[in-house]
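In what follows, a single structure is set out as structure tokens and then discussed.
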Amino acid sequence: MEYQFTQKWTKEDYVAFATNHLLLNFLKIQNIILYSVSITYLLITPLLTGNWAFHFVGLGLIAILGGYVLMARRSAAKGYERNKESLSIDFILNDTGLIYETKDGKVTENWEQFSSVKETEKYFFMYFAANKGFLLAKRDLNDEMILFIRNNLLQHVVNQKKLKLLG
């Protein structure tokens, strides 16, 4: 079976991908443990020592982390404006994988190559390397195509723990 479609990514799509990518790297278990332990220690230091300086440092770190996410989203929106002409991509889905064509050429990604996939109500965030991936906006996919993608991912992706599918 084969499906062909074209996607024109919007600013919302581009920002959603950048935010997902940031959070994917930021919210690794070792990072969560490190941030939680460090910030918790800084926040409770006044109870142990009576010195409030570290408490305010902890609050400052929380504000910096939140600001970092907001700045990344803003930067992604600016990146979209610089690259919006190149964000129209032709896709072909088939039993061996996903083929996409941009102005730079045609690329084939076999289903086995995907290292992680996260599905949301609006998107498939698909990665075939730690810093290499793309999204598929569901608005351009019919139910049959979505089911086809899910089934092929479930059949072929080696590390099933890295699949977060809705259906």
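Just the heavy atoms: all of them, side chains too, but no hydrogens, waters or symmetry mates, feed the values below. Being a predicted model, the structure only gives us computed values, none of them experimental.
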Tested for side chain to side chain contact (heavy atoms under 4.5 Å, CB included) against Leu135, the lone hit among Tyr14, Phe17, Phe124 is Phe17

CA sep, side-chain torsions, deciding dist, call: His21, Tyr127, side chain to side chain contact (heavy atoms under 4.5 Å, CB included): CA-CA 9 Å; His21 186 70; Tyr127 290 90; 3.2 Å; yes

Can you tell me if [X] uses its side chain to pair, donor with acceptor, with the backbone of [Y] under 3.5 Å?
| X | Y | result |
| --- | --- | --- |
| Asp13 | Thr10 | yes |
| Lys138 | Thr120 | yes |
| Asn51 | Ala53 | yes |
| Gln7 | Phe91 | no |
| Thr19 | Arg73 | no |
| Gln160 | Leu154 | yes |

Would you indicate whether the side-chain heavy atoms of [Y] and [X] approach each other to under 4.5 Å?
| X | Y | value |
| --- | --- | --- |
| Leu153 | Ile149 | yes |
| Ile146 | Arg150 | yes |
| His55 | Leu59 | yes |
| Lys106 | Ile99 | yes |
| Ser88 | Thr6 | yes |

Determine the minimum heavy-atom distance between [X] and [Y], stating which atoms define it.
| X | Y | value |
| --- | --- | --- |
| Asn94 | Glu2 | ND2-OE1, 3.9 Å |
| Ala72 | Leu22 | CB-CD2, 3.7 Å |
| Ala18 | Ala76 | CB-CB, 3.4 Å |

Any chance you could measure [X], atom [atom1], to [Y], atom [atom2], to the nearest 0.5 Å?
| X | Y | atom1 | atom2 | value |
| --- | --- | --- | --- | --- |
| Ser38 | Ile33 | OG | CD1 | 11.0 Å |
| Lys11 | Lys78 | NZ | NZ | 10.5 Å |
| Gln113 | Leu98 | CD | CG | 10.5 Å |
| Asn152 | Glu112 | CG | CD | 9.0 Å |
| Leu141 | Phe148 | CG | CZ | 12.0 Å |

Are [Y] and [X] linked, directly or through intermediate hydrophobic residues, by side-chain heavy-atom contacts shorter than 4.5 Å (ILVMFWY only)?
| X | Y | result |
| --- | --- | --- |
| Leu93 | Met1 | yes |
| Trp52 | Leu43 | yes |
| Val69 | Val15 | no |
| Tyr68 | Leu34 | no |
| Leu42 | Ile44 | no |

Just checking His156 against Phe114, ring centres under 6.0 Å apart?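 No; Phe114 has its ring centre 6.0 Å or more from that of His156.
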
Return the orientation label for the Phe128 and Phe134 ring planes: parallel under 30°, perpendicular over 60°, tilted otherwise. tilted

Which of parallel (below 30°), tilted (30 to 60°) and perpendicular (above 60°) describes Tyr123 and Phe125? tilted

Tell me, please, which residues at least two apart from Tyr100 pass side chain to side chain donor-acceptor pair (under 3.5 Å). none

Using side chain to side chain donor-acceptor pair (under 3.5 Å) as the criterion, list what pairs up with Trp111, not counting sequence neighbours. none

With Glu121 via side-chain contact (heavy atoms from CB on, under 4.5 Å) - residues at least two apart: Leu166

Could you tell me whether Lys122 atom NZ has more than 12 heavy atoms of other residues or ligands within 6.0 Å of it? no

Would Phe54 and Tyr41 count as a ring pair (Phe, Tyr, Trp, His ring centres under 6.0 Å) if you check the C-alpha gap in whole Å, the side-chain angles of each, and the deciding distance to 0.1 Å? CA-CA 9 Å; Phe54 288 113; Tyr41 174 75; 7.1 Å; no

